[in-house]
> 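So that we are looking at the same thing, I have put the structure below in structure tokens.
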Amino acid sequence: MAKQNQAFPPAIVVFDIDGVIRDVGGSYRRALADTVEQFTQGAYRPSATDIDALKAEGHWNNDWEGSQELVYRHFEAQGVERSHLNLNYGDIVAFFQSRYRGPDSQHWTGYICQEPLLLNADYFDLLTQAGIPWGFFSGATRGSASYVLEKRLGLRSPVLVAMEDAPGKPDPTGLIEVVQQLEPFGASSTPVLYLGDTVADLHTVQNASRIDLSRRWIGVGILPPHAQATAEYSVTYTTNLNNAGAAVVLANVKNLTLDYIKKLVSSEV
């Protein structure tokens, strides 16, 4: 990141990645559906609505764990107890990654290579020029997150806390760590905006606000592309994010303009 042009910015902005920076409807979510289908022997392939319903519970941010949970629930619906299943979590992760990254862990050819970006690097340049620190807290692996941020977007060593670096959401530890890295010297109460597309993201903001009482924590919901397939589903998804604590829900991260940031911080929205 470039040097900030003011000592005390109006806000610190932290981004989730999946569904906010990149469209993962045809990658992470597709790999999740592939994995559930594989481990239910083709009997069940979850729809986008099924996956959203799981994530709306607020604690299935990890797609490997989400895949395993949907497999368990499928068999439980058939009257088979979890304890009677011989599921190997390592096998689930390996299969998922073979779809998402591709069969070669060194040269990725999987679904990740096809992810549409939801903004470009110019957006971050605008934040930097305005003196607004920014960074990322994501449940994606560091390799996956770095791939999109550095290789695809061309960002140079952005502040990032990824899956390997902190407990999973809605634990706020990783979000707080990003803020601590970004806060300018001498400041200790800069408001924080966290942009996310899931209930777990918004619960993370709420949990951070209970730990750090010195600042305002503002959750900004982002509608991922798949949630905008129909007007009715957009309304349903927006309602879920609002109920989870979003101060506002936007259709695209680029709608969070500099003026909008100032309005959120000043409670004008």
Side-chain angles (χ1 to χ4, degrees), residues 16-78 80 82 85-105 108-118 137-145 147-148 152 162-164 167-170 196-204 221-229 233 236-237 240-241 244:
D16 180 31
I17 295 176
D18 301 334
V20 176
I21 304 299
R22 60 182 173 190
D23 179 1
V24 296
S27 55
Y28 264 126
R29 286 170 168 265
R30 184 179 176 188
L32 190 159
D34 287 355
T35 303
V36 175
E37 186 174 42
Q38 172 72 13
F39 285 87
T40 59
Q41 293 78 51
Y44 172 50
R45 182 178 181 86
S47 66
T49 304
D50 292 338
I51 296 170
D52 284 339
L54 181 75
K55 289 183 175 291
E57 295 175 11
H59 46 266
W60 298 107
N61 190 66
N62 183 312
D63 285 334
W64 300 338
E65 294 176 356
S67 299
Q68 178 178 252
E69 180 65 17
L70 287 178
V71 173
Y72 275 136
R73 293 186 186 186
H74 165 76
F75 283 109
E76 284 179 331
Q78 313 306 312
V80 181
R82 296 186 181 209
L85 294 173
N86 189 28
L87 282 183
N88 183 297
Y89 183 67
D91 290 343
I92 288 175
V93 172
F95 183 86
F96 185 106
Q97 293 296 77
S98 74
R99 289 293 197 266
Y100 181 65
R101 294 189 315 193
D104 186 339
S105 62
W108 294 358
T109 57
Y111 300 154
I112 188 174
C113 301
Q114 305 163 20
E115 294 172 332
L117 298 180
L118 301 176
F137 172 44
S138 173
T141 64
R142 177 162 285 273
S144 172
Y147 180 88
V148 65
R152 297 285 308 282
M163 177 193 288
E164 302 92 332
K169 305 171 195 176
D197 70 316
T198 68
V199 168
D201 292 327
L202 280 308
H203 285 175
T204 300
I222 302 295
L223 282 178
H226 80 271
Q228 302 183 51
Y233 197 51
T236 299
Y237 204 100
N240 286 338
L241 295 181

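This chain uses plain numbering: 1 for the first residue, then up along the sequence.
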> Do the side-chain N and O atoms of T204 and D201 include a donor-acceptor pair separated by under 3.5 angstrom?
no
> The test is salt bridge (Lys or Arg N to Asp or Glu O under 4.0 Å); show your working for D52 and R29 and say whether it passes.
CA-CA 10 Å; D52 284 339; R29 286 170 168 265; 2.7 Å; yes
> Does K55 come within less than 4.0 Å of D63, counting only side-chain N to carboxylate O?
yes
> Within the 4.5 Å heavy-atom criterion, are K169 and H203 side-chain neighbours or not?
no
> Indicate yes or no: does E115 engage R30 in a salt bridge with an N to O separation below 4.0 Å.
no
> Answer whether the closest heavy-atom distance between the side chains of Y237 and P224 falls below 4.5 Å.
yes
> Calculate, to the nearest 0.5 Å, the distance between atoms OG1 and CG belonging to T198 and D16 respectively.
6.5 Å
> Look at the aromatic rings of Y233 and H226 and report parallel, tilted or perpendicular, splitting at 30° and 60°.
tilted
> Using side-chain heavy atoms (C-beta onward) and a distance below 4.5 Å, is L118 in contact with P225?
yes
> What orientation do F96 and Y28 show, parallel under 30°, tilted 30 to 60°, or perpendicular over 60°?
tilted
> Are any non-hydrogen side-chain atoms of T141 and W64 less than 4.5 angstrom apart?
yes
> Kindly determine whether H74 and V36 satisfy side-chain contact (heavy atoms from CB on, under 4.5 Å), including the steps that lead there.
CA-CA 9 Å; H74 165 76; V36 175; 5.8 Å; no
